[in-house]
Protein chains: 2
Amino acid sequence: MTLKDKLLMEALRQFSAKGYSGTSTSSIIDAVGASKGGLYNHFPNKEQLFREALSLARKIWREKNLRGLDHLPRPTDKLIRLLENYRDNYLTDTLNLPGGCVFVNLAVELGEEFPHLGREVHEGFVRLRQMIERLLHEEKAAGTLGMDLDTGDAAELLFTGILGVCVVYSSGKSTATLARSIGALCRYIEKMRL
Amino acid sequence: MTLKDKLLMEALRQFSAKGYSGTSTSSIIDAVGASKGGLYNHFPNKEQLFREALSLARKIWREKNLRGLDHLPRPTDKLIRLLENYRDNYLTDTLNLPGGCVFVNLAVELGEEFPHLGREVHEGFVRLRQMIERLLHEEKAAGTLGMDLDTGDAAELLFTGILGVCVVYSSGKSTATLARSIGALCRYIEKMRL
DNA sequence: CTCAACAGACCGACCGGTCGCTTTGTTTCC
DNA sequence: GGAAACAAAGCGACCGGTCGGTCTGTTGAG
């Protein structure tokens with residue numbers, strides 16, 4: 001693995017756990033046994049290192065959370081799989097994301113210090129919500145979801161629920177609590193099906 | 001208002017928006033027109049200033065979110081009122097909490113840098129969840145909630161939903177989205193009632 | 001006069017970032 | 001094939017500036 005990759009992974013680890021301001025370039029360098037010059041050969045400044053670490057985080061998010069969704073024909077099965085992925089592959093990926101979901105953890109700090117990055121993360125949230133609502137809408141159109149269900153409200157519950165789960169897990173790091181929360185969300189989905 | 005109070009309020013404002021590491025004592029001092037001596041006359045160090053700002057935040061949380069709950073006899077009405085308070089009095093209190101819910105925003109950063117403070121915040125989360133489940137349990141015991149409802153699962157949905165709402169609002173600061181999310185949670189409560 | 005409250009100069013440590021140097025790997029020429 | 005020439009990667013001392021925190025001096029109320 002190249003130094004750049006090692007620096008990016010370590011940066012993501014530390015940023016996700018300690019925030020942007022709380023992470024110094026020196027501590028990233030020390031952790032991978034590199035030097036200032038080595039880091040600044042690959043990144044013009046700390047902010048760019050952070051941007052690329054966020055890109056890596058987006059890639060990891062997709063790889064972990066969307067895994068196995070395309071095999072499943074039923075939209076609500078995709079949703080349940082997404083939740084299980086959050087529980088089994090994403091949030092508990094202590095190698096890459098020891099601090100939990102970096103987008104949830106840094107949403108605020110970013111919005112204040114780098115408004116543009118904050119907006120990007122916010123748009124990611126919006127897309128997740130839209131994806132959930134689209135899946136619910138698909139299944140409703142297929143007629144297996146109960147005609148009285150408000151897919152917007154249900155999407156809202158699932159979406160905010162997922163983000164809340166990320167907060168609780170980041171705060172307490174309890175896999176038992178994580179499993180209980182994800183389980184409650186999954187059962188909510190199962191109950192809305194006919 | 002005394003200098004100490006002004007410093008505490010300003011500290012809470014900045015900590016909630018920029019995090020602990022991202023906020024310097026100097027910027028707090030500048031914002032209230034004070035001096036280093038003035039601040040360190042009242043607080044032995046930055047960490048203690050932060051601890052007392054968190055205590056202030058807990059007081060504000062109770063004042064804003066529990067307002068008017070005791071008049072309401074029906075437990076689920078209390079829950080709906082709590083959600084409305086989050087929407088109308090707490091999250092949108094731009095004077096004290098321009099960054100949104102400080103507990104949600106700092107849950108991660110704290111756990112890593114001040115494990116003890118992180119645990120305190122986490123315990124606050126657990127208490128909120130317990131309060132929600134207790135209210136649901138009360139109403140279920142009163143027989144107006146449907147015997148097949150799993151109060152643990154419902155509490156989980158509402159609890160993680162509230163935290164998720166805090167994240168989204170902190171990230172986007174959209175009152176329209178906030179109203180929609182809170183509305184979805186309220187309708188979820190109303191639907192579970194007989 | 002006294003003493004707590006406050007102001008602000010000051011301190012060492014650490015921050016993000018630069019720069020000159022060494023090492024390493026690749027290309028080129030014979 | 002092998003050595004010279006070059007470019008890129010990596011290193012670490014160093015820079016100005018800011019951090020949290022200290023200390024001395026001033027001030028104003030009782």
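Residue numbers start from 1 in every chain, and the chains themselves are labelled A, B, ... in the order their sequence lines are given, proteins ahead of strands.
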With B:Ser35 via side-chain contact (heavy atoms from CB on, under 4.5 Å) - residues at least two apart: none

Sugar-phosphate, base or nothing in reach of B:Thr23, heavy atoms under 4.0 Å: sugar-phosphate

OP1 or OP2 of D:dT18 under 4.0 Å from side-chain N/O of B:Ser24: no

Spacing of CG belonging to A:Leu83 relative to OG belonging to A:Ser181, to within rounding of 0.5 Å: 11.0 Å

Under 3.5 Å: donor-acceptor pair, side chain of B:Asn96, backbone of B:Ile60: no

A:Glu120 bridged to A:Arg58 by N-O distance under 4.0 Å: yes

For nucleotides 17-19 of chain C, list the nitrogen or oxygen atoms of the protein found under 3.5 Å from its nitrogen or oxygen atoms, one pair per line.
from	atom 1	to	atom 2	distance (Å)
C:dG17	OP2	A:Tyr40	OH	2.9
C:dG17	OP2	A:Lys46	N	2.6
C:dG17	N7	A:Lys36	NZ	3.2
C:dG17	O6	A:Lys36	NZ	2.7

From A:Asp153 atom CG to B:Lys191 atom NZ, the distance as rounded to the nearest 0.5 Å: 6.5 Å

Closest to the A:Ser35 side chain, choosing from C:dA7, C:dG16, D:dG12: D:dG12

Under 4.0 angstrom between B:His42 side-chain N/O and C:dA4 OP1 or OP2: no

Of residues 4-22 of chain A, the positions that come close to DNA chain D - non-hydrogen atoms, cut-off under 4.0 Å: none

Atom pair CG/CE of A:Leu79 and A:Met131 - distance to nearest 0.5 Å: 7.0 Å

Qualifying ring pair (Phe, Tyr, Trp, His ring centres under 6.0 Å) pairs with a residue from residues 99-135 of chain B, counting only residues at least two apart or across chains: B:Tyr20-B:Phe114

Sub-4.5 Å side-chain heavy-atom contact between A:Leu128 and A:Leu82: yes

Pairing of A:Glu47 and A:Arg51 as salt bridge, 4.0 angstrom limit: yes

By side-chain contact (heavy atoms from CB on, under 4.5 Å) - contacts of B:Glu52 (at least two apart): B:Lys4, B:Leu8, B:Phe43, B:Gln48

Sugar-phosphate, base or nothing in reach of A:Leu39, heavy atoms under 4.0 Å: nothing

End-to-end axis angle, where each axis spans five pairs of the helix from C:dC1-D:dG30 to C:dC30-D:dG1, to 10°: 10°

